[in-house]
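Here's the structure, in structure tokens; my notes come after.
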Number of protein chains: 2
Amino acid sequence: MATTTAAQRRQQARVEYDAFIKSCPTNQLLDRISDKWVSLIVSALAEADGPMRYSDLGRKIAGVSPKMLTQTLRSLERDGIVSRTVTPSVPVRVDYELTRLGDNLSCLLTAVKDWAEHHIEEVVEARERYDTSSEAS
Amino acid sequence: MATTTAAQRRQQARVEYDAFIKSCPTNQLLDRISDKWVSLIVSALAEADGPMRYSDLGRKIAGVSPKMLTQTLRSLERDGIVSRTVTPSVPVRVDYELTRLGDNLSCLLTAVKDWAEHHIEEVVEARERYDTSSEAS
DNA sequence: CTGGATCCGCTAGGATACTG
DNA sequence: CAGTATCCTAGCGGATCCAG
């Protein structure tokens, strides 16, 4: 009674794998830093080396919509990467700053950046080789 | 004549930013390693410490569809991360292996992994604090 | 000023079936 | 065995409007 098709088994495996991946710190971290806006926000705050206001970030990052800015900041705050300080004046003032953990993360990001800059050339060359050789077909 | 709304200006900025980001090695790399399957494939190949066949990878990674497996492998091959060796026997045999660059990348991945494992606890704690304090509202 | 809520288009990626 | 081609869905993220 092979009512369990290959697809079903694969999906089952996928569910388990997803669970595994979600519980895996590495993948959680990768998910986090791979977010386009995360790296930008973190490096913006790292450069500033001090608190930045919501609109400062919005201006510095330029292409971000308020929604994504807020959303990303919230998740970063939740993870203890940034701290959010509200000054209940009129108008309201909100400052964001890297926590110690966030600062640490920015170091990792720097390591990644270094790797990227050291190896990007190799990658580009590989791409060109690949592209020209497949064009030749 | 403010026919250029804030949204339009932001979109303009977004386009420029996208271009900037695409040309930025760091973000290219982040895009690459953040791909769910990339890290899995690279670490699978790193563990194997030798060539693996297409179906070996499919089995090892379990939850992946053929489409994504092929697609990911192709892009990794293009970037010179993995090498693809076809043995034209019957049936065909295809082996994938990390290149030197790929091997190097797996080291970076290890660094990321180490960071994740050292700091995940802090993140989890921060999350719990955040969640419980927002529940309290 | 700092966002929350809502709608909505788009595309990444999964299922499925087929080929060399 | 190692893919390719097709369809289709879910969710990400942008626009827009509104509120504290």
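First the proteins, then the strands, lettered A, B, ... as listed; each starts at 1.
A sub-4.0 Å separation between OP1 or OP2 of C/dG3 and a side-chain N or O of A/T70 is absent. Within the structure, a side-chain polar atom (N or O) of B/S55 is placed less than 4.0 Å from OP1 or OP2 of D/dA2. Contact annotation: B/R84 side-chain N/O to D/dG3 OP1/OP2 distance is under 4.0 Å. Side-chain nitrogen and oxygen atoms of B/W37 include none within less than 4.0 Å of the OP1 or OP2 phosphate oxygen of C/dA12. Contact check, A/R93 against C/dG3: no side-chain N or O comes under 4.0 Å of OP1 or OP2. Dashed line: the shortest gap from a side-chain N or O of A/Y96 to OP1 or OP2 of C/dC1 is not under 4.0 Å.
Set against C/dC1, D/dC1, D/dG3, the side chain of B/R53 has D/dC1 as its closest nucleotide. With distances taken from any side-chain atom of A/Y54 to the nucleotides C/dG3, D/dG13, C/dG13, the minimum falls on C/dG3. Distance from the side chain of B/R74 is smallest for D/dG3 among the nucleotides C/dG14, D/dG3, D/dG14. Side-chain proximity of B/P91 to C/dA15, D/dC1, D/dG3: nearest is D/dC1. Ranking C/dG14, D/dA15, D/dG20 by closeness to the B/Q11 side chain, first place goes to D/dA15.
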May I have the step-by-step check of side chain to side chain donor-acceptor pair (under 3.5 Å) for B/Y54 and B/T70, ending in yes or no? CA-CA 8 Å; B/Y54 182 85; B/T70 302; 3.0 Å; yes
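With rounding to whole Å, B/D35 atom CG is found 9 Å from C/dG14 atom P. Atom pair B/K36:NZ and D/dG11:C1' shows a separation of 13 Å (rounding to whole Å applied). Put simply, CD1 on A/I61 is 16 Å from C1' on D/dG14, counting in whole angstrom units. In this structure, A/L69 places its CG atom 13 Å from P of D/dG13, rounding to the nearest Å. Going from atom CZ of B/R59 over to atom P of D/dG3 covers 14 Å, rounded to whole Å. Separating the CE atom of B/M52 from the P atom of D/dA2 is a distance of 11 Å, rounded to the nearest angstrom. We find that CG of B/L57 is positioned 13 Å from C1' of D/dC1, with the value rounded to whole Å. A straight line from CD of A/E77 to C1' of C/dT2 spans 13 Å, rounded to a whole angstrom.
Residues B/L40 and B/V64 have side chains not in contact (no heavy-atom distance under 4.5 Å, counting atoms from C-beta outward). The closest side-chain heavy-atom distance from A/L29 to B/V112 is below 4.5 Å.
Residue-to-nucleotide proximity on DNA chain D shows that, of A/V92 and A/G63, the 5′-proximal contact is made by A/G63. Each of A/L73 and A/K67 has a nearest nucleotide on DNA chain C; the 5'-most of these lies closest to A/L73.
A 6.0 Å sphere centred on CZ of B/R84 holds more than 12 heavy atoms belonging to other residues, nucleotides or ligands.
Residues A/R129 and A/D131 are not paired through a salt bridge, judged by the lack of any N-O separation under 4.0 Å between the basic side chain and the carboxylate.
Looking only at distances, a side-chain donor or acceptor of B/D35 sits under 3.5 Å from a matching main-chain atom of B/W37.
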